[in-house]
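Chain identifiers are assigned alphabetically (A, B, ...) following the order of the sequence lines, protein sequences preceding nucleic acid strands; residue numbering begins at 1 within each chain. Owing to the predicted nature of the structure, the values given are computational and were not obtained by experimental measurement.
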Amino acid sequence: MTESEYKELAEILFEGEDLKTPEEYEEMYPYRKLGKKAEVTRLAPSPTGFIHLGNLYSALADERAAHAHDGSFFLRIEDTDAKRKVDGALELIIESLGYFGISFDEGAHLPDTDSVNVYAPYTQSERRGIYHTFAKKLVEEGRAYPCFCTEEELEAVRNKQEAAKVLTGYYGEFAVWRDKGLDEIKAKLAAGEPYVLRLRSEGDPEKEFIFKDEIKGEVKLPENITDIVILKKDGIPTYHFAHAVDDHLMRTTLVIRGGEWLASVPVHMELFESLGFKPPKYAHTAHLMKIDPETGGKRKLSKRSDPEMSLSFYKEEGYHPHCIKVYLMTLLNSDFEEWHRNNPDSDLNDFPFSVKKMNNSGALFDMDKLENICKNELSLLDENVIADFLKAWALEYGTDAQKAYFADEEKMLAALRLYMGVGQKRRRKDLVNARQALELMSYLFEDAAAQESDPFRVDEELRKAILQDYLDTFSYTDDNGEWFEKLKEIAERQGFATDRKLYKENPEKFKGETSDVAEVVRVAVTGRANTPDLWGIIHVMGEEKMRDRIAAAM
RNA sequence: GGCCUGUUGGUCAAGUGGUUAAGACGCCGCCCUCUCACGGCGGAAACAGGGGUUCGACUCCCCUACAGGCUACCA
C-alpha cells in the first residue's frame, strides 16, 4: 500500500467518528510541574470486585514511590474486559485501600470535573475516542492494519505452529492480513465482516535489546515480532495499547506492576516507539507467596484458598491497619525494619522508600512475623487509639458479651491497661488483633461456664483447700504487696515452699512453691494458667465476679 | 515445547571478587519472675548442585535441578 492508501484506509476505518488529533490530546494533557526526583505512579486495577493483599502491597509501593518526593499517585480503572466487570468494584477498591490509609491524589474515585483530575477520564471504557485517535494515527502511518481472521482460523494456525514446533503467534508469514491490498480490505469491510486492528511489527527476530528494570536491573529481551492486537473487534483497546496511550497521556513516569508483565515489555517498547512516545520507567515486582500447607512448597498466594489473602480478613479479625502497613513496608524495603526501630517516633511516611530496594524474588507471607509486628506496634500505640479501635471492632464483630462490656469506656480502658501494661516500666506485648485481644480478656465479661478452662494441676481436695483458704483471707482493699503476702501464707499453710531456692534444693519436702498456689487461684479466677498480674485482674473484674468464678471452680 | 525471571539458615533478608557470611521472626537453653508477657544473656541453623574464569568466588560465565511467569480479540 502507498502512503495515500494508508490515509484512505484510516479514513474508512474511523469514518463517522468525531476524533480529536493526537496533537490536541498532547496539549490537553500537559506534563505535571514536579520536582526532579518526583515520580508519577498509578494503581490500575480491573474492577473484578475482589481486592487482595497483593493489591495492597502493590498499591503501597506505588503510593510510597510517588509520595517519597512529592510526586502524584492516581487511580485508573482498567475495565476493557467487560466479562470481568462487577458492580460496586470501584467503591470496594477505594474503601478497602482507604482502610489501610492509601489514598489517591487524582483518579477514578473523583468526578472528572474535579479540579485535580486534569487527565480525566480515568476509566478506560470512557476513553474510547482517545484510543481511536492514536489507532487512526498508526493506520495512517502504516503501522497498524485491520485483520479479518476469525478465531477459528487463528486457532488452526496456532495448532499448525505447535505441531511444527515453531513460535506461535501472528507474525511473519502467518500474518496473513499484513500485506493485503486496499481493495481486498475494502471488500471485506463492505461485506461488514468484523476485524481487529493489529500493530505492524517492525521487530527483528534476531535482535535483542537490553531493558533496564528498576528492580531487576538489566534484562536481555528479544524484540517483539508479533503483530499484536491493539483494538479488539468491538473497538476496545487491549491492555497493551491502552497502557501505552494512557500512561503516556497521563504522564506516568514510573510503572510498578507484577512480574507477569515483564515478558510483554518488548511489545510495550515497540508500541511506545511506534506511537512516538517516550516509555516510562518500569519496576516489575515479585508476587507475594506462601507456604502451601499441603505440599510444603512455595506458591503464589491465591485468593481462592487463602483467607489471609483477602483484605476483609484483616478487618474482620481486627488487625490494626497500622500494623499491616508496617509489615508490608518491611516486605517492600528490607531496611525499613531497622529504620523503624531507630526512629520509633517518626511517621512511617518519612522512611526513604525506594523501588530500587525492593526485592526481586517473591516474598513469603509470614503470619508469625506479622503477629510479632502487631504485638510490637500495638505496644507502641497510644492506649486511647487502641481502645477506640477495639471498641469499634467489638461493636461490629463482637459477641453480645463483648459488645456489652466494651460499650463501657471505663471497663474497657481498665482491661486494656492490664493487657498492655500501661503505666508499667515496659508495655506488655500480648495483643495481636482485636479478635485475639478480646478472647484473651474473655473471663472479664464471660461467665465461668461460658468459657473453657485450663486444667488444674493439683488434686481436687488440695484445690478446694487452697481456694477456701484464699476466700477466707481475701480482702479487696489489700494492695498488691499485701495480697501476695497472703498468698505466701496460704502456701505455707498448705505445705508449699515460699522460697524458691529452698524448694529447688529439696523439692520432695514440699507440694510445690508459691507459684503453684498462685496458679490454682489464677485458673479458678480466669480459667487460664497464664495471665497478666492476677491482683490487677481481680481489681478490674471486681470482688463479686471473682468470688463467683472461684465458687464455680470448687 | 520456546522465551524470560528467580534460588543465602525453617521464614524475611544484608551482602555485589578477599567478611569470623549482618540483622529480624521462629526455635532451644539460662537469668529475671506469683504464671504469662516484657527484658537480658547464650545456642543450633544458610550461600540449590556441578563445571569453569581468577592468586582468590555467595558475588562473574556455562550447564543441571527446582520454583515462578509469559507464550489470548484477559488483564
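Here, B:rC47 and B:rA37 have their P atoms 33 Å apart, quoted to the whole Å. For the P atoms, the distance from B:rG1 to B:rU64 is 12 Å, rounded to whole Å. Comparing the same atom, P, in B:rU71 and in B:rA14 gives a spacing of 30 Å after rounding to whole Å. Atom name P, nucleotides B:rA22 and B:rC34: the rounded distance is 38 Å, in whole Å. For the P atoms, the distance linking B:rU59 with B:rA24 amounts to 26 Å, nearest Å. Using P as the reference atom, B:rG50 and B:rG68 are 24 Å apart when rounded to the nearest Å. Comparing B:rG51 with B:rA65, their C1' atoms sit 15 Å apart, to the nearest whole Å. To the nearest whole angstrom, the two C1' atoms, one in B:rA45 and one in B:rG29, are 15 Å apart.
For A:Glu492, the CD atom sits in a loose shell: 12 or fewer heavy atoms of surrounding residues, nucleotides or ligands are nearer than 6.0 Å. Shown here is A:Glu338, whose CD atom has no more than 12 heavy atoms of other residues, nucleotides or ligands within 6.0 Å.
Checking B:rU7 for Watson-Crick or G-U wobble geometry (two distances, each under 3.5 Å) identifies B:rA65 as its partner. With a 3.5 Å ceiling on both atom-pair distances, the Watson-Crick or G-U wobble partner of B:rG23 is B:rC12. Pair assignment for B:rC70 gives B:rG2, based on Watson-Crick or G-U wobble hydrogen-bonding distances that are each under 3.5 Å. Using Watson-Crick or G-U wobble geometry with both donor-acceptor distances under 3.5 Å, B:rA46 finds no partner in any strand shown.
Applying the 3.5 Å distance criterion, the base of B:rC34 shares no donor-acceptor pair with the side chain of A:Asp516. No N or O donor and acceptor, one from the side chain of A:Arg528 and one from the base of B:rC36, sit under 3.5 Å apart. Judged by distance alone, with hydrogens and angles left aside, A:Arg84 brings a side-chain donor or acceptor within reach of the base of B:rC74, the pair sitting under 3.5 Å.
One interatomic measurement links the two molecules: OH of A:Tyr171 to P of B:rA72, which rounds to 11 Å at whole-angstrom precision. A:Asp366 places its CG atom 8 Å from the C1' atom of B:rG26, with the value rounded to the nearest Å. Separating the NZ atom of A:Lys85 from the P atom of B:rC74 is a distance of 14 Å, rounded to the nearest angstrom. The CZ atom of A:Phe496 sits 16 Å away from the P atom of B:rC34 (whole-angstrom rounding).
Taking the side chain of A:Ala518 as heavy atoms from C-beta on, and the options B:rC34, B:rG39, B:rA75, the nearest nucleotide is B:rC34. Taking the side chain of A:Glu151 as heavy atoms from C-beta on, and the options B:rC4, B:rC73, B:rG69, the nearest nucleotide is B:rC73. Counting only heavy atoms from C-beta on, A:Ala263 has its side chain closest to B:rG69 among B:rG69, B:rC73, B:rC36. Of all nucleotides listed (B:rA24, B:rA37, B:rA75), B:rA24 comes nearest to the side chain of A:Arg341.
Phosphate contact (OP1/OP2 of B:rC36, side-chain N/O of A:Arg522, threshold under 4.0 Å): absent. Residue A:Lys220 places none of its side-chain N or O atoms closer than 4.0 Å to OP1 or OP2 of B:rC3. Not one side-chain nitrogen or oxygen of A:Ser379 sits closer than 4.0 Å to the OP1 or OP2 atom of B:rC38. Taking side-chain N and O atoms only, A:Arg198 has a distance below 4.0 Å to OP1 or OP2 of B:rC73. Distances shown here put every side-chain N or O of A:Asn372 at or beyond 4.0 Å from the OP1 or OP2 atom of B:rA24. For A:Lys165, no side-chain nitrogen or oxygen approaches OP1 or OP2 of B:rC3 to under 4.0 Å. Taking side-chain N and O atoms only, A:Ser334 has a distance below 4.0 Å to OP1 or OP2 of B:rA14. Between A:Lys357 and the phosphate of B:rA14, there is no side-chain N or O to OP1/OP2 separation shorter than 4.0 Å.
Among residues two or more places apart in sequence or in another chain, the ring pair (Phe, Tyr, Trp, His ring centres under 6.0 Å) test is passed with A:Phe510 by none.
Within 4.0 Å of A:Ser46, counting heavy atoms only, lie sugar-phosphate atoms of the nucleic acid but no base atom. Using a 4.0 Å heavy-atom distance criterion, A:Asp234 is classed as making no nucleic acid contact.
Ring pair A:Trp261/A:Tyr239: centre-to-centre distance below 6.0 Å.
Of the possible polar contacts, one joining the A:Thr238 side chain to the A:Val229 backbone as a donor-acceptor pair under 3.5 Å is found.
With a 4.5 Å cut-off on side-chain heavy atoms, A:Tyr170 and A:Arg158 do not count as touching.
A side-chain contact (heavy atoms from CB on, under 4.5 Å) with A:His284 is found for exactly one of A:Glu214, A:Met358, A:Lys216, namely A:Lys216.
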